[in-house]
There are 2 protein chains.
Amino acid sequence: MTGGVAVRQPYLTVGDLARASGVAPSAVRFYESHGLLTCERTAGNQRRFGKSDVCRTKVIRVAQRVGLSVAEIKALLAELPADPVLADWERLTISLMAEVNHRIRQLRSVLDEIASGEELCHLPPVDRAS
Amino acid sequence: MTGGVAVRQPYLTVGDLARASGVAPSAVRFYESHGLLTCERTAGNQRRFGKSDVCRTKVIRVAQRVGLSVAEIKALLAELPADPVLADWERLTISLMAEVNHRIRQLRSVLDEIASGEELCHLPPVDRAS
DNA sequence: CCTTGACTTAAACCAATGTTGAACTTCTAG
DNA sequence: CTAGAAGTTCAACATTGGTTTAAGTCAAGG
């Protein structure tokens, strides 16, 4: 019979994950210490990440470009199970996109506020296009 | 004959400006120390701001909501003369609006990147609307 | 077995954007 | 003239998002 013990998915060291996702090892440790990433430990106390953490980390960077704080990203990633399947990633990207759209709408409302002129400097309104 | 010496426009103390523009006095001092605002000094070394600094300060806060750093706002305000006329304010708001539109475009490109799925997590693309 | 590179933690440091406090001065109204 | 409100400077603190460094441990190849 083929073995009974759970097959380990490919485990990554801090450096592996950092290289694979394009961040510094110190950033990986920072994210883990702030709960954005989780990992197991070897007998010698070294971190071992799963393969999906490469995607997680890439999502973290994109979310930061959108303007989310580490706390907000943590909340966002809380939706994502430890071993995500395709549908989980899809739900995550949809949440993230909703957030981006929200930020875009906010910027548009600032734009309207500026364009209306009045509130800021008693100016006559201006065409708000680029 | 009507007087020869320049008539002083209404001068504002730190507290006056803070109240009028809705920021803390410490923030006013911070902006002045970083060159976003300029002021004269009384014989006793106290700051006196012009009336237009109320608008300047409001612009600073709006620019911050847009995501500009203090350094960027300083650059933006460098366009604005010490005693701005309407056209100066208009040019400023147009610059600021261009900046907002730029940030909106950036967010839209992040949105496309997320929606395309591929690069982030090898996902199939997703409808990128809200 | 031993060397070497990668890992560990903790703490210090950085830049940005202010706030807070101490100690002192100035301004203004009565 | 004098009390009290509001101003001054300087330095320390707070928060965010990490990086750097020190001192020491682990893992893997020869």
Side-chain angles (χ1 to χ4, degrees), chain A residues 8 10-50 53-54 56-78 96 99 103 110, chain B residues 8 10-50 53-54 56-77 99 103 110:
Chain A
R8 301 242 173 257
Y11 273 113
L12 306 173
T13 68
V14 164
D16 293 338
L17 176 54
R19 237 168 290 113
S21 54
V23 307
S26 61
V28 170
R29 294 192 187 96
F30 178 82
Y31 297 146
E32 192 256 346
S33 77
H34 285 71
L36 305 195
L37 296 173
T38 52
C39 58
E40 317 214 324
R41 298 290 185 137
T42 65
N45 196 36
Q46 296 194 356
R47 293 172 184 83
R48 290 297 182 268
F49 294 93
D53 289 317
V54 178
R56 264 183 108 97
T57 307
K58 286 182 182 174
V59 168
I60 292 169
R61 295 327 290 250
V62 170
Q64 285 187 317
R65 281 174 55 202
V66 171
L68 301 196
S69 69
V70 163
E72 289 168 324
I73 297 171
K74 182 177 175 176
L76 184 73
L77 289 177
L96 185 52
E99 190 54 45
R103 308 248 161 171
V110 175
Chain B
R8 302 240 172 257
Y11 273 111
L12 306 173
T13 68
V14 164
D16 293 338
L17 176 54
R19 237 167 291 112
S21 54
V23 307
S26 62
V28 170
R29 295 194 186 93
F30 178 82
Y31 297 146
E32 193 256 345
S33 76
H34 285 69
L36 305 196
L37 296 173
T38 52
C39 59
E40 317 215 324
R41 297 289 186 138
T42 65
N45 197 36
Q46 296 194 354
R47 292 172 184 83
R48 289 298 182 266
F49 294 92
D53 290 316
V54 177
R56 264 183 107 98
T57 307
K58 287 182 181 174
V59 168
I60 292 169
R61 295 328 290 250
V62 170
Q64 285 188 318
R65 281 174 55 202
V66 171
L68 301 195
S69 69
V70 163
E72 289 169 324
I73 296 170
K74 181 177 176 177
L76 185 72
L77 289 176
E99 191 54 45
R103 308 248 162 173
V110 175

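Convention: sequence-line order gives letters A, B, ...; per-chain numbering from 1. No experiment lies behind these values; they were computed from the predicted model shown.
You'll find the side chain of A:Y11 stays beyond 4.5 Å of the side chain of A:T42, heavy atoms only. Side-chain contact between B:V23 and B:R61 is present, with heavy atoms from C-beta onward closer than 4.5 Å. Annotation: side chain of A:V54 is in contact with side chain of A:L12 (closest heavy-atom distance under 4.5 Å). Here the side chains of B:Q64 and B:V70 are in contact, with some heavy-atom distance below 4.5 Å.
Residue B:R47 places no side-chain N or O under 4.0 Å from the OP1 or OP2 atom of C:dC27. Phosphate proximity of D:dG17 to A:R29: absent, as no side-chain N or O sits under 4.0 Å from OP1 or OP2. Residue A:T13 places no side-chain N or O under 4.0 Å from the OP1 or OP2 atom of C:dA6.
Rounded to whole angstrom, the span from the CG atom of B:L17 across to the P atom of D:dT8 amounts to 11 Å. With rounding to whole Å, A:F49 atom CZ is found 8 Å from C:dT8 atom P. Put simply, NZ on A:K74 is 13 Å from P on D:dG17, counting in whole angstrom units. Across the protein-nucleic acid pair, B:R19 atom CZ and D:dA5 atom C1' stand 11 Å apart, rounded to whole Å.
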Practice problem: Kindly determine whether A:L17 and A:T57 satisfy side chain to side chain contact (heavy atoms under 4.5 Å, CB included), including the steps that lead there. | Solution: CA-CA 8 Å; A:L17 176 54; A:T57 307; 3.8 Å; yes
Could you write out each protein N or O paired with an N or O of nucleotides 14-20 of chain C at a distance under 3.5 Å?
residue : atom : partner : partner atom : Å
C:dT17  : OP1  : B:V70   : N            : 3.3
C:dT17  : OP2  : B:V70   : N            : 3.2
C:dG18  : OP2  : B:Y31   : OH           : 3.3
C:dG18  : OP2  : B:Q64   : OE1          : 3.3
C:dG18  : OP2  : B:Q64   : NE2          : 2.1
C:dT19  : OP2  : B:S26   : OG           : 2.2
C:dT19  : OP2  : B:A27   : N            : 3.1

Report each atom pair, protein N/O against N/O of nucleotides 22-30 of chain D, whose distance is under 3.5 angstrom.
residue : atom : partner : partner atom : Å
D:dA27  : OP1  : A:T42   : OG1          : 3.3

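Here the shortest heavy-atom pairing between B:F49 and B:T38 reads CD2-O, 3.5 Å. Summarising the geometry of B:K74 relative to B:H34, their closest heavy-atom pair is CD-O, 3.5 Å, with the distance given to 0.1 Å.
Taking CZ of B:R56 as the reference point, atom CG of B:L37 lies at 6.5 Å (rounded to 0.5 Å).
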